[in-house]
Peer 1: 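Pasting a structure below so you can have a look.
In this text, all values refer to a predicted model and were calculated from it rather than measured experimentally. Counting from 1, the numbers follow the sequence of the chain as shown.
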Amino acid sequence: MSKQVIRLLQLYPKDMNIYGDNGNMLVLQRRLEWYGYEVICLAYNPGDTFPHDVDIIVGGGGQDSGQDRIVDDLQVIAPTLRALADSGTPMLVVCGLYQLFGHFFKTKSGETLQGIGILDVETYGESERLIGNIIVDSKQFGDLIGYENHSGQTFLGEHAVPLGVVRLGAGNNTADIYEGARYKNVIGTYLHGSVLPKNPELADFFIRKAVVKKYSEMSDDLIDDHFADLARKAALKRPR
Ligand code: GLN
């Protein structure tokens, strides 16, 4: 019997892919394979044709200059991304793309990079960079462990739901306690690291949502997360 297929799309890997963000693709691919699915990995860069039948979307962070290079193209694919988000397609967007999935990023140099407003957040560049290990208390996924490095400070609008509450580090900003934002199955976060290898429960959230959306039910195979658990234990002890 041929295997069921899940199609992963990485947004802007040429310009938006720092601090190991590509690892998120690798984790989704490998876990899906362990669960018994066939995986097709796709990439979308400025000017490309947006692929059909995408089941999971991931996007990473980038320098302000990288965001500048993709921001116009992002407006072109915004209606497609919005329709996919509205229909429940799971998406993980980290840092630079988290900011641009919000309404705008006003950089420190005064430029406004227009976002696509899937997440009800706004971001303002500040002179202080928020850098270091971060631990976030998320009700649904337990402790989320990652690494942050951003000048933008993000503020939740009234329709935004945070991903969690910061226990170590800064998260969205230095003014409130929140990290990340959610809309349906879209999660925006400042956690690099990459985030998914150390947070398998979060990885399985995207996988489960995608598989159930496409095939109605998901394999009940169990994955041995022994090494991920060891990595989590070590990471939880690290200083900021
Ligand atoms: N350039 C953005 C900032 O500094 C995003 C950084 C990132 O993606 N790590 O806030």
Side-chain angles (χ1 to χ4, degrees), residues 3-13 16 21 24-25 27-44 48-60 74-95 97-103 115-121 136 138-142 144 154 156-164 178-191 194-196 199-221 223:
K3 288 185 180 175
Q4 294 179 325
V5 179
I6 292 292
R7 290 163 61 87
L8 304 180
L9 174 66
Q10 188 171 15
L11 287 180
Y12 305 115
M16 304 296 289
D21 287 337
N24 294 325
M25 277 295 272
V27 166
L28 292 172
Q29 178 186 5
R30 185 50 63 93
R31 291 184 81 81
L32 277 158
E33 287 168 355
W34 284 338
Y35 283 124
Y37 298 95
E38 183 184 331
V39 181
I40 296 177
C41 292
L42 305 157
Y44 176 87
D48 288 351
T49 302
F50 198 88
H52 60 90
D53 296 337
V54 170
D55 301 308
I56 305 181
I57 294 180
V58 303
L74 185 60
Q75 294 300 329
V76 175
I77 60 170
T80 307
L81 291 173
R82 235 176 259 128
L84 287 170
D86 285 342
S87 74
T89 300
M91 305 186 193
L92 167 68
V93 282
V94 177
C95 204
L97 271 174
Y98 166 35
Q99 296 170 344
L100 295 179
F101 265 52
H103 299 298
I116 57 175
I118 288 177
L119 297 168
D120 182 20
V121 302
V136 176
S138 87
K139 276 204 185 90
Q140 191 175 347
F141 313 108
L144 295 173
T154 298
L156 304 176
E158 61 176 306
H159 303 293
V161 181
L163 174 60
Y178 297 120
E179 207 295 311
R182 302 179 65 163
Y183 168 71
K184 294 199 171 184
N185 297 325
V186 179
I187 293 183
T189 177
Y190 275 110
L191 272 60
S194 19
V195 64
L196 295 186
N199 300 285
E201 281 203 37
L202 186 60
D204 282 354
F205 165 80
F206 297 105
I207 288 173
R208 183 163 295 280
K209 291 291 179 194
V211 171
V212 170
K213 180 170 190 282
K214 190 165 190 177
Y215 295 113
S216 306
E217 57 181 12
M218 168 144 171
S219 122
D220 51 13
D221 289 2
I223 288 178

Peer 1: Rounded at 0.5 Å granularity, tell me how far CD1 in I40 sits from CG in L8.
Peer 2: 9.5 Å

Peer 1: With side-chain contact (heavy atoms from CB on, under 4.5 Å) as the criterion, how do F50 and V76 come out once you've worked through the C-alpha distance, each side chain's angles and the decisive distance to 0.1 Å?
Peer 2: CA-CA 10 Å; F50 198 88; V76 175; over 6 Å; no

Peer 1: Hey, are the side chains of R208 and V212 touching, using non-hydrogen atoms and a 4.5 Å cut-off?
Peer 2: yes

Peer 1: Shortest non-hydrogen contact from D48 to A43?
Peer 2: OD2-O, 3.9 Å

Peer 1: Given V39 and L28, is the side-chain contact (heavy atoms from CB on, under 4.5 Å) satisfied, shown in steps?
Peer 2: CA-CA 9 Å; V39 181; L28 292 172; over 6 Å; no

Peer 1: Does any part of the side chain of Q140, heavy atoms only, come nearer than 4.5 Å to the side chain of E201, both counted from C-beta?
Peer 2: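 The answer is no; the side chains never approach within 4.5 Å.
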
Peer 1: Any side-chain heavy-atom pair from I116 and I77 closer than 4.5 angstrom?
Peer 2: no

Peer 1: Find out whether L11 and F101 are in side-chain contact, i.e. whether some heavy atom of one side chain is under 4.5 Å from a heavy atom of the other.
Peer 2: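 Answer yes - side chains close enough.
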
Peer 1: Mind checking whether V186 and L119 have side chains closer than 4.5 Å, heavy atoms only?
Peer 2: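 Touching, per the 4.5 Å side-chain cut-off.
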
Peer 1: Is any side-chain heavy atom of D53 closer than 4.5 Å to a side-chain heavy atom of V5?
Peer 2: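 Result no, sub-4.5 Å side-chain heavy-atom pair not found.
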
Peer 1: Do M218 and I207 pass the side-chain contact (heavy atoms from CB on, under 4.5 Å) test, and can you show the C-alpha distance, the side-chain angles, and the key distance before you say yes or no?
Peer 2: CA-CA 9 Å; M218 168 144 171; I207 288 173; 3.7 Å; yes

Peer 1: I need the N185 CG to M91 CE distance, nearest 0.5 Å.
Peer 2: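 Nearest 0.5 Å value for the CG-CE distance: 9.5 Å.
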
Peer 1: Looking only at atom types and distance, does a side-chain atom of R7 sit under 3.5 Å from a main-chain N or O of H52, one as donor and one as acceptor?
Peer 2: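 Yes, the answer is positive, given that a donor and an acceptor are paired below the 3.5 Å cut-off.
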
Peer 1: Any donor and acceptor pair, going by atom type alone, linking the side chain of N199 with main-chain N or O of V195 inside 3.5 Å?
Peer 2: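 Side chain of N199 to backbone of V195, a donor-acceptor pair under 3.5 Å: yes, one is there.
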
Peer 1: Is there a donor-acceptor pair under 3.5 Å between the side chain of E179 and the backbone N or O of Y190?
Peer 2: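 Yes, because the side chain of E179 sits within donor-acceptor range (under 3.5 Å) of the backbone of Y190.
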
Peer 1: State, to 0.1 Å, how close A203 and V27 come at their nearest heavy-atom pair, and which atoms those are.
Peer 2: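 Answer, listing the atom of A203 first, then V27: CB-CG1, 3.9 Å.
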
Peer 1: Measuring from L81:CG to L74:CG, what's the distance to the nearest 0.5 Å?
Peer 2: 6.5 Å

Peer 1: Is the cationic atom of R182 (NZ for Lys, CZ for Arg) positioned less than 6.0 Å from the six-membered ring centroid of F141 and within 45 degrees of its normal?
Peer 2: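 No.
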
Peer 1: Identify, with sequence neighbours excluded, every residue that meets side-chain hydrogen bond (donor to acceptor under 3.5 Å, both in side chains) alongside Y183.
Peer 2: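 Testing Y183 for side-chain hydrogen bond (donor to acceptor under 3.5 Å, both in side chains), a comparison that skips the adjacent residues, returns D86.
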
Peer 1: Just checking R30: does its CZ atom have more than 12 heavy atoms from other residues, nucleotides or ligands closer to it than 6.0 angstrom?
Peer 2: no

Peer 1: Could you measure the distance from the CE atom of M25 to the CD1 atom of I57? Nearest 0.5 Å is fine.
Peer 2: 10.5 Å

Peer 1: Is the number of heavy atoms from other residues, nucleotides or ligands within 6.0 Å of OH (Y178) greater than 12?
Peer 2: no

Peer 1: Show every side chain to side chain donor-acceptor pair (under 3.5 Å) that has at least one partner inside residues 211-221, sequence neighbours left out.
Peer 2: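 For residues 211-221: D55-K214.
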
Peer 1: Using the side-chain contact (heavy atoms from CB on, under 4.5 Å) rule, pick out the option among L144, L202, L163 that qualifies with L191.
Peer 2: L144

Peer 1: Could you pull out the closest heavy-atom pair between A160 and D120, with the gap in Å?
Peer 2: CB-O, 3.3 Å

Peer 1: Which pair of non-hydrogen atoms, one from G115 and one from Q75, has the smallest distance, and what is that distance?
Peer 2: O-NE2, 3.0 Å

Peer 1: Under a 4.5 Å cut-off applied to non-hydrogen side-chain atoms, are L196 and F206 in contact?
Peer 2: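 Yes, close enough: below the 4.5 Å cut-off.
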
Peer 1: Please answer whether the main-chain N or O of G60 pairs with a side-chain N or O of D21 as donor and acceptor at a distance below 3.5 Å.
Peer 2: no

Peer 1: Taking the side chain as everything from C-beta on, heavy atoms only, tell me whether Y98 gets closer than 4.5 Å to T189.
Peer 2: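 No - every pair of side-chain heavy atoms lies 4.5 Å or more apart.
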
Peer 1: Please answer whether the main-chain N or O of L32 pairs with a side-chain N or O of E38 as donor and acceptor at a distance below 3.5 Å.
Peer 2: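 Answer holds: no.
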
